[in-house]
Amino acid sequence: MKKFRHIKIPKAGERIDVDGDRLIVPDNPIIPFIEGDGIGPDIWKATKSVIDNAVIKAYNSKRKINWMEIYAGRKAVKIYGKNQWLPKETVDAIKEYQVAIKGPLTTPVSGGIRSINVALRQKLDLFACIRPVKYFSGVPSPVKKPGNLDVVIFRENTEDVYTGIEFKANSKDAKEVIGFISQKFKKNISPGSGIGIKTISEFASIRLVKKAIEYAIENKRKTVTLVHKGNIMKYTDGSFKDWGYHAARKFFPDITITEEELDRKYKGKIPSGKILINDRIIDSMFQQLLFRPGDFEILATPNMIGDYLSDACAAQIGGLGLAPGANMSYSICVFEASHGSAPKYAGMDKINPTSLILSGVLMLRYIGWSEAAVIIENAIKKTIKSKYVTYDLANRMSGVKSVKCSAYAGRIVKNL
C-alpha cells in the first residue's frame, strides 16, 4: 500500500482492486473524496451523510465505506504550498484506490493551472464524461413534459478544444501559425486573430463510442446517437461520426444496426436484442431534444458538444443542481457534481446538494451496491414531492419556503 505525505489512510478498510475489466469491491472499501472549493464543504457534508445512512439502511453493519480525504483546489494549496492546485499524491491516490468522488473545484483565474478538472481528467486518462439526465417528479421545469427526457450523455473528455492548444491574438506564436496557414494552405485569417486548434482522433473517438455502446447493452438501452457538426467540421466532427459507426461495426456487428438497416430490414421497428446507432447534427439535436426527447437514450459526443448538451438537457429537468456526473477510464472513475463551486455561497449552507448526492448514487451502482443507490433515489423523490427543497427549486415553486442544504439532506436521510 502506498504511503502519502499528507493523505491519511483510514486504519480500517481495503482498497478496491481490478481483475481485467472487473472491479473487485470489498465490503469495507476505502474511497477517496475531494471536499471541493466554495460550496464544496456544504454539499459534501450533506452527500456523505446521505450515502453513509443509505449503506447502513441497505446492509446494516455488513458493508461500510471508509472515506479518505484527498486534496485539490484551494485546500490543496493551503496544505501543499503555492500553485499546488492538484498535488501528485492526489492523482496517485486515485490511481491506487480506483474510485473517488469530488465536489466542485474553482479554477484559478491567473497562473497555476489551466483547469483543475481538465488536468485531473487528462492525468488519469478519464476519457469518458458520463452525464445521466432524468427528471424527478415535482421539480419545476421550463418544458411541459420534462419526464419524457431520459438520456445519458457520453462526452469525450481528452480532446477537442479542451486540449488547450491556443495562441493569443497578436502574439509571436499566433502570427507564426497564421503565416504558416496562409502560405502553406492559402487560407485567409484576419490579422490579430486568436488561434485555437481542435483535435479529434480515431483512437479517442472509438473508445468513447465503444464505452457508450457497452453501457447501452448493460442497461438495456435501444439507441446510441452520435452527435456532431460534421457537415461543417468534416475532418474533426465528421470523422468522429465515421469512427463511431466503425466502432459499432467492429466491436458489436451482431448487436448494432443503422437507420438505413432499420428501415430496409426491420420496417422502422428496432428488433429485440438490437441497438440502433444513428447520428444527428448538433444544431438539429438541440431542437429535437425539446420536441422529441423520447427518441434518444444514449448520446455520444465530442468534448465541446457534450459540454453544451449536458447543460441544456439539465435545464429541462430542473437545472445543474439535479445533474450528476462521472469521469471514467477503463477502471478508474471519479464521480463529481456537474456544477461549479459558487464561491459567493460558500459556508452559507444554502446550495442544493442533489447533483453530488446523485453522483454518489452513480458511484454506488458502479461498485455494485445498487440496493443503497435505489434507496437514495426513492428518498430524493419523496423529499422533492413533499416540497421540502432548497432555494433554487423553492424559488420556482408557488407557496414553497426553502430549507437549508443540511436540512434537505436530513430529510432525505429521514425518508430513506
Main-chain N/O of Ser201 paired to Glu159 side chain as donor or acceptor, under 3.5 Å: yes
Show the atom names and distances, to 0.1 Å, of all donor-acceptor pairs under 3.5 Å that link a side chain in residues 289-307 to residues at least two apart or in another chain.
residue: Arg292; atom: NE; partner: Asp295; partner atom: OD2; Å: 2.8
residue: Arg292; atom: NH2; partner: Asp295; partner atom: OD2; Å: 2.9
residue: Glu297; atom: OE1; partner: Lys222; partner atom: N; Å: 2.4
residue: Glu297; atom: OE1; partner: Thr223; partner atom: N; Å: 3.1
residue: Thr301; atom: OG1; partner: Gly306; partner atom: N; Å: 3.1
residue: Asn303; atom: OD1; partner: Arg155; partner atom: NE; Å: 3.0
residue: Asn303; atom: OD1; partner: Arg155; partner atom: NH2; Å: 2.8
residue: Asn303; atom: ND2; partner: Glu156; partner atom: O; Å: 3.1
residue: Asn303; atom: ND2; partner: Asn157; partner atom: O; Å: 3.4
residue: Asp307; atom: OD2; partner: Tyr162; partner atom: OH; Å: 2.5

Pairing of Glu259 and Arg280 as salt bridge, 4.0 angstrom limit: yes
Polar side-chain atom of Ser141 near backbone of Gln316 as donor-acceptor pair, under 3.5 Å: yes
Side chain proximity check, Trp243 to Phe203, heavy atoms < 4.5 angstrom: no
Heavy-atom closest contact (Ile384 atom, Ser137 atom, distance): CG2-O, 3.7 Å
Donor-acceptor under 3.5 Å (Ser115 side chain, Val118 main chain): yes
Working for side-chain contact (heavy atoms from CB on, under 4.5 Å), residues Ile31 and Phe33: CA-CA 7 Å; Ile31 295 183; Phe33 73 92; 6.0 Å; no
Tyr391 and Tyr345 aromatic ring geometry - parallel, tilted or perpendicular at 30°/60° bounds: tilted
Spacing of CD1 belonging to Ile351 relative to CG belonging to Asp42, to within rounding of 0.5 Å: 8.5 Å
N-O pairing of Lys134 and Glu377 below 4.0 Å: no
Check: Tyr97 and Ile9 side chains under 4.5 Å, non-hydrogen atoms: yes
N/O donor-acceptor pair under 3.5 Å between Glu218 side chain and Tyr215 backbone: no
Close side-chain approach of Leu309 and Val151, heavy atoms under 4.5 Å: no
Heavy-atom pair of closest approach, residues Ala314 and Leu320: CB-CD2, 3.8 Å
Polar side chain donor-acceptor pair, Ser171 to Asp173, under 3.5 angstrom: no
Side-chain heavy atoms of Val139 within contact of Pro146, under 4.5 Å: no
Note, Leu362 side chain near Leu358 side chain (heavy atom, < 4.5 Å): no
Non-hydrogen side-chain atoms of Lys64 and Ile56 separated by less than 4.5 Å: no
Arg15 side chain vs Glu96 backbone, donor-acceptor pair below 3.5 Å: yes
Arg5 bridged to Asp92 by N-O distance under 4.0 Å: no
Heavy-atom closest pair, residues Ala337 and Pro104: CB-CD, 4.4 Å
Ala407 versus Tyr388, closest heavy-atom pair with distance: O-CE2, 3.4 Å
Basic-acidic side-chain contact under 4.0 Å: Lys45, Asp349: no
Geometric class of the His6/Tyr80 ring pair [parallel <30°, tilted 30-60°, perpendicular >60°]: perpendicular
Positive for side chain to side chain donor-acceptor pair (under 3.5 Å) with Tyr245, one of Thr256, Asp279, Asn278: Asp279
Aromatic plane relationship, Phe127 with Tyr330 - under 30° parallel, 30 to 60° tilted, over 60° perpendicular: tilted
Sidechain-backbone polar pair: Arg131 side chain, Ser310 backbone, donor-acceptor under 3.5 Å: no
Heavy-atom pair with the smallest gap, counting every atom of Leu23 and Ser331: CD2-O, 4.2 Å
Under 3.5 Å donor-acceptor, Ser329 side chain and Asp125 backbone: yes
Main-chain N/O of Ala323 paired to Ser355 side chain as donor or acceptor, under 3.5 Å: yes
Under 3.5 Å donor-acceptor, Lys274 side chain and Asp254 backbone: yes
Flag if over 12 foreign heavy atoms under 6.0 Å of CD, Glu260: yes
Backbone of Asn231 reached by a side-chain donor or acceptor of Lys234 within 3.5 Å: yes
Non-hydrogen atoms of Ala372 and Tyr59 that approach each other most closely: N-OH, 3.5 Å
Tyr235 atom OH: more than 12 heavy-atom contacts under 6.0 Å: no
Carboxylate-amine/guanidinium proximity below 4.0 Å for Lys229 and Asp283: yes
Qualifying residue for side chain to side chain donor-acceptor pair (under 3.5 Å) with Lys198, from Asp160, Thr236, Thr163: Asp160
Beyond-backbone contact of Lys57 with Asn53, side-chain heavy atoms, under 4.5 angstrom: no
